[in-house]
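Just below is one structure, and these are the notes that go with it.
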Amino acid sequence: MYGGLFRFVGEMGFFNTLLGIIGFGIGIPLGLIMGFFLFIFSKPDKVKDPMIRPIYELDSDALEELIPEIPLWVKHPDFDRVDWFNKFLAAMWPYLDKAICPSIRAMTKPIFSEYIGTFRIQSIEFESLSLGTLPPKLYGFKVHETDENELIMETAIRWAGNPDVVLVLRLFSLQIRIQLIDLQIFAAPRIVLKPLVPAFPCFSNIVVSLLEKPHVDFGLKILGGDIMSIPGLHQFVQEAIRKQVLNLYLWPRVFEIPILDASVGATKKPVGILHVNVVKALRLSKMDLLGTSDPYVKLSLSGERLPSKKTTIKMNNLNPVWNEKFKLVVKDPESQVLRLRVYDWDKVGGHDRLGMQLVPLKVLAPHEKKELTLDLIKNTDINNHQNKKPRGQLVVELTFTPFRVESSKSSSRLDGCRSMVSQNERDIHDDFVGGGAGLLLVKIQGATSVEGKRHSNPYAVTHFRGEKKKTKMVKKCRDPVWNDDFQFMLEEPPLKEKIHIELRSRRSGLFGFLSKESLGHVEINLIDVVHNGRINQKYHLINSRHGMIHVEIQWTLA
């Protein structure tokens with residue numbers, strides 16, 4: 001009995017072993033065939049255009065779900081409709097697609113090449129790349145008016161696209177296809193064009209930042225299966241992308257795109273002061289009939305439109321001693337040159353030039369006094385044989401003093417917000433304000449709604465510490481633009497002083513000075529300039545009905 005049972009079990013064991021061998025033999029080829037088709041011949045799904053239904057066909061429930069998607073121009077009256085731009089973008093999208101995709105391929109090629117050879121990766125390339133048929137749409141557009149030299153724009157961009165992006169990764173001689181599907185990007189960017197310059201395209205940089213968290217969603221198919229449907233993975237990937245984008249571009253962080261070179265059309269800011277001591281001259285040429293000269297020196301910096309500074313005139317002297325000191329504002333010590341010209345003063349006619357010389361500022365070390373004995377020449381033409389003739393020498397002492405970096409502490413601003421300081425806090429802060437010499441830079445940018453009783457040819461006159469400086473006159477204009485700047489070198493901060501700016505108008509012509517007319521004035525306390533480093537505001541003109549003047553004032557310590 002037991003022998004038959006053992007024989008039966010033995011036969012069953014043999015039968016199971018036989019079935020395992022047969023199953024193994026069939027399973028391996030079948031698995032290889034299935035893997036071969038999955039890994040090598042798996043084709044991504046074709047991207048189809050979505051079905052779009054007009055809004056009047058939707059029921060009440062579907063409309064309620066769309067309420068959060070209402071454009072900004074409906075919810076906010078200060079946003080403008082940009083249907084015209086969306087139509088333009090829709091018409092241009094097929095051509096933009098063909099223009100952008102090759103650029104994407106070219107940009108990603110060096111990035112992909114860095115991974116070739118690592119992890120047994122043999123190649124990475126796009127099998128297909130298209131942005132699809134659905135362009136992004138702008139759901140409102142807003143332009144901010146500021147007092148700065150910039151243009152600020154805000155919009156809401158939504159792109160529920162149908163891009164066709166398939167990436168082929170060759171790994172271990174196997175082709176793995178990765179397909180991007182159902183891409184959705186919702187963002188609210190702020191775009192700033194600054195600074196505005198008089199050269200096409202009229203701005204130097206594009207500064208982009210995000211005003212709120214963006215929404216990024218997409219599907220990712222690998223070997224025909226959407227891996228983003230794996231529980232937890234979709235949320236993890238979406239949150240990781242959102243955090244990365246926020247860390248880079250959420251305001252106040254910005255992404256800056258340079259358009260023009262910084263030197264093109266840009267107004268350079270003062271960076272320091274050149275102290276010049278015109279000491280003396282030696283063995284000057286004789287220009288007068290009595291065998292002598294009446295010399296004086298004119299000095300200026302290249303690239304400046306300001307009048308030249310002059311020494312006093314030394315009568316009948318070929319070896320004059322001046323020891324006269326001047327201060328010149330430096331904007332670019334690497335390229336600017338100090339021009340020194342020695343003239344012979346004459347009562348009648350033009351003054352004769354005795355000689356000249358140039359000193360590049362880049363040869364001066366900051367804060368170091370340098371005494372130079374310069375051989376005077378006729379002009380800067382090195383091939384002119386008259387430059388070999390002795391014309392005397394000029395002795396000068398030069399010191400370049402850069403401005404303190406910390407003195408421009410508040411030149412930056414955050415979205416037009418200004419800090420408010422109480423009077424008591426200012427009084428306490430006065431004890432800590434650094435004294436010393438500095439530069440007061442006053443820029444009269446323009447005015448609006450100014451009109452005279454008899455004529456409107458406005459110009460601005462600045463009064464400060466007995467000095468009077470005026471802008472050019474703009475004829476027949478109620479909204480003049482000047483952008484003229486004036487410099488005042490001061491030995492101490494103007495904590496308790498005011499600057500008086502008056503707008504005037506006069507008739508053009510020979511006797512125009514007889515018909516001057518005041519269009520309004522304003523007085524500005526300079527204590528705010530000293531504490532903040534810079535102010536840039538529009539002021540209502542006193543004795544003017546609606547007139548306003550735009551003034552920028554900056555204080556920089558030397």
Hits for side-chain contact (heavy atoms from CB on, under 4.5 Å) against E212, two or more places apart or cross-chain, chain-then-number order -> A188
Over 12 non-hydrogen atoms of neighbours within 6.0 angstrom of NZ in K469 | yes
Please step through side-chain contact (heavy atoms from CB on, under 4.5 Å) for the pair N86 and L138, ending with a clear verdict.
-> CA-CA 7 Å; N86 290 329; L138 302 187; 3.9 Å; yes
Pair M356-T380, side-chain contact (heavy atoms from CB on, under 4.5 Å): steps then yes or no | CA-CA 9 Å; M356 65 164 296; T380 57; 3.9 Å; yes
Sorted by first residue and then second, give each side-chain hydrogen bond (donor to acceptor under 3.5 Å, both in side chains) pair with at least one member in residues 452-461; sequence neighbours left out.
-> H455-S505
Do W322 and L394 have side-chain heavy atoms sitting under 4.5 Å apart?
-> yes
Over 12 foreign heavy atoms within 6.0 Å of CZ, R545 | no
Exercise: identify the closest heavy-atom pair between L274 and L301 = CD2-CD2, 4.1 Å
Does the side chain of R253 reach to within under 4.5 Å of the side chain of S209, using non-hydrogen atoms?
-> no
In this structure, are over 12 heavy atoms from other groups packed under 6.0 Å from K142 atom NZ?
-> yes
Tell me yes or no: between the side chains of Q445 and H550, is some donor less than 3.5 Å from an acceptor?
-> yes
Side chain to side chain, Q554 and T556, heavy atoms closer than 4.5 Å = yes
Applying side-chain contact (heavy atoms from CB on, under 4.5 Å), name anything that partners L250, two or more places apart in sequence or on another chain.
-> L210, L246
Hey, what do you get for CD1 (I206) to CG (L151), rounding to the nearest 0.5 Å?
-> 11.0 Å
Residues E148 and N536: side-chain donor-acceptor under 3.5 angstrom | yes
Any donor-acceptor N/O pair, E397 side chain to V276 backbone, under 3.5 Å | no
Side-chain contact test, heavy atoms from C-beta onward, threshold under 4.5 Å: evaluate it for N205 versus P195 and give yes or no.
-> yes
Counting only heavy atoms not in K327, do more than 12 fall under 6.0 Å of its NZ?
-> yes
How are the rings of Y296 and Y343 set relative to one another: parallel (under 30°), tilted (30 to 60°) or perpendicular (over 60°)?
-> parallel
Check P360 against V363 and note the closest heavy-atom contact, atom names and distance.
-> O-CG2, 2.9 Å
How far apart are the C-alpha atoms of R465 and E497, what are their side-chain angles, what is the distance that settles it, and do they pass the side-chain contact (heavy atoms from CB on, under 4.5 Å) test?
-> CA-CA 9 Å; R465 288 190 176 182; E497 297 184 67; 2.4 Å; yes
Between I549 and V522, is any pair of side-chain heavy atoms under 4.5 Å apart?
-> yes
How far does CG of N543 sit from CG of L503, to the nearest 0.5 angstrom?
-> 12.0 Å
When you look at E368 and T399, which way does the side-chain hydrogen bond (donor to acceptor under 3.5 Å, both in side chains) test go after all the steps?
-> CA-CA 6 Å; E368 291 185 12; T399 306; over 6 Å; no
For residues 474-481, dump all side-chain donor-acceptor pairs below 3.5 Å to protein atoms at least two apart in sequence or in another chain.
residue, atom, partner, partner atom, Å
R478, NE, E451, OE1, 3.2
D479, OD1, S449, N, 2.8

Between the CZ atom in F79 and the OH atom in Y139, the distance rounded to the nearest 0.5 Å is 14.5 Å
Closest non-hydrogen contact found for S335 with S302 is O-OG, 4.3 Å
Are any side-chain N or O atoms of S204 and backbone N or O atoms of L260, one a donor and one an acceptor, separated by less than 3.5 Å?
-> no
Inter- and intrachain pairs under salt bridge (charged side-chain N to carboxylate O under 4.0 Å, His left out), touching residues 546-555, at least two apart | K269-E552, R534-E552
Of R391, Q393, Q357, which meets side chain to side chain donor-acceptor pair (under 3.5 Å) against D375?
-> Q393
The residue among N317, V342, D352, L318 that forms side chain to side chain contact (heavy atoms under 4.5 Å, CB included) with S293 is L318
What pairs meet the ring-ring contact (aromatic ring centres under 6.0 Å, His included) rule with one or both residues in residues 461-480, with sequence neighbours excluded?
-> H463-H500, F464-F488
Exercise: identify the closest heavy-atom pair between I157 and P136 | CG2-CB, 4.2 Å
Gap between atom CG of D344 and atom CG of L354 - 0.5 Å precision | 5.5 Å
Quick one: does I273's side chain get under 4.5 Å of V330's, heavy atoms only?
-> no
Nearest heavy-atom neighbours spanning V82 and G140 | CG2-N, 4.1 Å
May I ask you to decide whether K443 forms a salt bridge with D484, counting only side-chain N to carboxylate O separations under 4.0 Å?
-> no
Got L361 and E334 here, is their nearest side-chain heavy-atom distance under 4.5 Å?
-> no
Atom CG in D528, atom CH2 in W555: separation rounded to 0.5 Å?
-> 15.0 Å
Shortest non-hydrogen contact from P295 toward K314 = CD-O, 2.9 Å
Derivation and outcome, side-chain contact (heavy atoms from CB on, under 4.5 Å), residues Y249 and V254 = CA-CA 5 Å; Y249 308 122; V254 298; over 6 Å; no
For H540, does the NE2 atom sit with more than 12 other heavy atoms under 6.0 Å from it, leaving out its own atoms?
-> no
F486 CZ to K470 NZ distance, which is reported to the nearest 0.5 Å | 10.0 Å
Flag the pair T462 / I499 as yes when at least one side-chain heavy-atom distance between them is below 4.5 Å, and no otherwise.
-> yes
